[in-house]
Structure formats: structure tokens, C-alpha cells
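Just below is one structure, and these are the notes that go with it.
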Protein chains: 2
Amino acid sequence: MEIKSKLWIEVEGEPVFGRGRRFLLQAIDKYGSINQAAKEINISYRKAWGYINAMEKRLGIRLVERQAGGKNGGGATLTKEAREFLKKYEMMEEGIREIVDARFKEIFGE
Amino acid sequence: MEIKSKLWIEVEGEPVFGRGRRFLLQAIDKYGSINQAAKEINISYRKAWGYINAMEKRLGIRLVERQAGGKNGGGATLTKEAREFLKKYEMMEEGIREIVDARFKEIFGE
DNA sequence: CCTGCGTTATGCAAAAAAGTCATAACGGTG
DNA sequence: CACCGTTATGACTTTTTTGCATAACGCAGG
């Protein structure tokens with residue numbers, strides 16, 4: 001028996017950011033490619049693409065600069081706004097899981 | 001833009017308890033009827049029934065004593081074990097949301 | 001005795017969501 | 001100008017969720 005927790009941000013009732021999307025953006029930053037990033041976190045390119053579109057639409061911010069074709073086939077990079085958002089989210093998420101785990105053990109024993 | 005959090009307990013990777021199920025059990029306790037309880041929290045009887053079955057199966061504990069037919073058509077009551085579990089969960093959940101909200105405001109401003 | 005009532009109990013279909021596949025377009029590079 | 005790895009998207013498939021319909025139960029009142 002174990003405790004799970006989830007944290008995400010919504011805009012008008014629709015989810016726009018959570019742990020999965022966080023990992024996606026971080027991986028894009030690392031590889032410079034949506035395709036590679038998707039592989040890294042084990043989701044399809046299609047899904048990653050959908051995530052990015054939905055995030056941008058709902059936040060009204062451009063998060064990923066994309067180019068199809070060109071050097072190395074193209075690629076993608078995070079915008080300044082994306083990095084700022086990511087940073088804030090990381091700060092917020094940090095420590096929450098530990099708090100939850102501690103409380104769970106305290107009450108359910110073991 | 002708002003923060004959302006979710007907390008649930010899993011057994012063997014399968015969810016067995018969370019906020020929704022908590023409200024369901026509380027409502028059953030209040031009304032003495034799965035049917036009424038389901039209406040109260042705006043889910044179908046079918047779904048409530050499925051929740052209860054899954055919880056009992058995965059926890060290996062009988063949570064709800066049921067009777068079809070009889071006085072008032074029958075009804076349902078929580079077992080002692082269900083009340084104990086519910087109490088522990090309430091204690092655990094309490095305060096978590098406040099912590100999350102506070103941190104969100106602190107970081108994303110408003 | 002037997003009909004009505006509100007309940008629990010489930011199978012099954014419908015709808016929604018998530019995931020997969022195929023294909024097009026792009027634009028440097030050799 | 002063909003090739004390569006990328007982004008972009010529609011269409012299809014699979015899985016999950018939700019909801020509908022119906023049966024069975026057992027007391028109460030006629």
C-alpha cells in the first residue's frame with residue numbers, strides 16, 4: 001500500500017502543466033528535438049506534440065520554437081518564457097512529495 | 001490559472017482510495033444508502049458500486065454492508081473497518097491542500 | 001397472497017479518451 | 001536533386017470510462 005500524489009496547473013478547468021509536461025520540456029531543452037525528447041520520456045511524438053500545442057494554446061504563450069527541415073533535419077528549443085515557467089513549477093513541486101510521504105507513514109504506520 | 005492536487009492510495013499499482021471515494025463513503029454513512037450517496041456526490045449508482053467493489057477487493061476488507069430488499073427497500077452501512085480507514089485518510093489529507101495552495105501563491109504570485 | 005416500492009446487483013452498449021500508424025512537408029547537405 | 005531527420009496532422013485502433021436497461025431482493029400495505 002503506497003501513497004501517490006499529483007500536482008498540476010489548470011486554466012479554465014483544463015490541465016496545462018504537470019509532471020509529465022515538465023519532463024517533456026526539460027527533455028526538449030536537453031536534446032533540442034521534440035522527437036528525441038518524446039523517446040526519452042517514453043511517449044509518442046504525436047502525444048508530445050499534442051501536449052505542447054495544448055499548453056501553448058491555453059497559456060497563450062509560445063513555449064517551443066520549432067523548425068522542420070534544415071540543419072540536422074530541424075529541431076526545437078525552449079523559449080525564454082518556457083524556461084521561466086518551468087523554473088517556477090520546479091520550485092513549487094519541490095518537497096511536496098516528501099511532505100505527503102512523511103504524513104502517510106506517520107498515520108498509516110510502517 | 002490555478003493549482004490542483006490529488007492524493008490517493010494504491011495497492012499493487014491500482015488506485016484504491018482517494019478524495020472521491022472518501023466522499024462516497026462519507027455519504028453512505030450519512031444516508032445509509034449507496035443510491036442516495038451517489039446522487040449526493042453526483043456520480044451514477046453504477047460507478048459508486050464499481051468503486052466499492054474495487055476498493056474491497058484490493059484492500060481485502062469489507063467496507064460496506066449491503067442489503068437489497070427489506071425495510072425501505074434495503075440499504076447500506078459502513079463497517080467498523082471502513083470507518084477506521086476513512087478516519088486515517090481524513091487525517092492524512094488534512095492540510096495538504098493548504099500547503100500546496102500556499103506554495104503556489106508564493107511562487108506564481110497573483 | 002400478491003403488488004408496489006426503493007434498494008442492491010450486473011451485463012452490455014455507447015461514448016469518450018488515449019494511443020498508434022501512416023504520410024506529408026520542410027530545408028540544409030552532399 | 002535525392003536523402004535525411006525533423007516537425008505537422010489526419011485517420012484509425014485500442015483502451016478506458018460512462019451510462020442504460022433490467023433483474024432480484026424482501027418488507028409493507030391492501
Side-chain angles (χ1 to χ4, degrees), chain A residues 4 6 8 10 12-21 23-58 61-79 82, chain B residues 4 6 8 10 12-21 23-58 61-79 82:
Chain A
K4 295 275 180 176
K6 203 174 171 178
W8 72 101
E10 288 189 0
E12 290 166 15
E14 296 292 318
V16 296
F17 210 83
R19 198 173 290 149
R21 287 151 168 102
F23 289 154
L24 177 60
L25 290 195
Q26 289 174 329
I28 290 172
D29 202 23
K30 178 177 174 188
Y31 291 107
S33 156
I34 297 176
N35 201 16
Q36 292 291 315
K39 287 203 181 87
E40 166 89 357
I41 63 176
N42 283 320
I43 64 173
S44 67
Y45 171 84
R46 187 68 176 76
K47 188 171 178 179
W49 178 83
Y51 273 175
I52 297 169
N53 274 28
M55 277 191 279
E56 291 187 335
K57 186 176 177 186
R58 288 170 190 159
I61 301 175
R62 185 133 194 94
L63 297 172
V64 179
E65 219 59 62
R66 298 111 120 165
Q67 187 187 346
K71 199 173 184 180
N72 299 326
T77 57
L78 299 190
T79 63
Chain B
K4 294 277 181 174
K6 202 173 172 179
W8 71 100
E10 288 190 357
E12 290 164 16
E14 296 292 317
V16 296
F17 210 83
R19 199 173 289 147
R21 289 153 167 102
F23 289 155
L24 176 61
L25 291 195
Q26 289 174 329
I28 290 173
D29 202 24
K30 179 176 171 188
Y31 292 107
S33 156
I34 297 175
N35 201 17
Q36 292 292 316
K39 287 203 181 86
E40 166 88 357
I41 63 176
N42 283 320
I43 63 173
S44 67
Y45 171 84
R46 187 67 177 77
K47 190 172 178 177
W49 179 81
Y51 274 174
I52 296 169
N53 273 28
M55 277 190 279
E56 291 186 336
K57 185 176 177 186
R58 288 171 191 160
I61 300 175
R62 187 133 193 92
L63 297 172
V64 180
E65 219 59 61
R66 300 111 121 163
Q67 186 187 347
K71 199 174 183 180
N72 297 325
T77 57
L78 298 190
T79 63

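Chain letters run A, B, ... following the sequence lines, proteins first and then strands; every chain starts at 1.
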Atom-pair distance (CD on B:E14; C1' on D:dT15), nearest Å
14 Å

I need a per-nucleotide contact map over nucleotides 11-29 of chain C, read 5' to 3'. Cutoff is protein heavy atoms under 4.0 Å; write B for the base, S for backbone only, - otherwise.
BB------SBB----BBS-

Atom-pair distance (CD1 on A:I52; C1' on D:dT6), nearest Å
13 Å

Could I get the full list of side-chain hydrogen bond (donor to acceptor under 3.5 Å, both in side chains) partners for A:D29, not counting sequence neighbours?
A:R83

What is the distance from CD1 of A:I34 to C1' of D:dA8, rounded to the nearest Å?
9 Å

Ignoring backbone atoms, test whether B:N35 places a side-chain nitrogen or oxygen under 4.0 Å from the OP1 or OP2 oxygen of C:dT7.
yes

Please list all pairs meeting salt bridge (charged side-chain N to carboxylate O under 4.0 Å, His left out) that have one or both residues in residues 44-55 of chain B, counting only residues at least two apart or in different chains.
none

Integer-rounded Å distance: C:dT7 C1' and B:Y31 OH
16 Å

Contacts of B:W8 that satisfy side-chain hydrogen bond (donor to acceptor under 3.5 Å, both in side chains) - sequence neighbours left out
B:E10

If the cut-off is 4.0 Å, is A:R66 near the phosphate of D:dT6, judged by side-chain N/O to OP1 or OP2?
no

Residues at least two apart in sequence or cross-chain that pass side-chain hydrogen bond (donor to acceptor under 3.5 Å, both in side chains) with B:Q26, listed by chain then number, are B:E90

Could you list the residues that satisfy side-chain hydrogen bond (donor to acceptor under 3.5 Å, both in side chains) with A:R66, not counting sequence neighbours?
A:N53, A:E56

Within-4.5 Å side-chain heavy-atom neighbours: B:I28 and B:I34:
yes

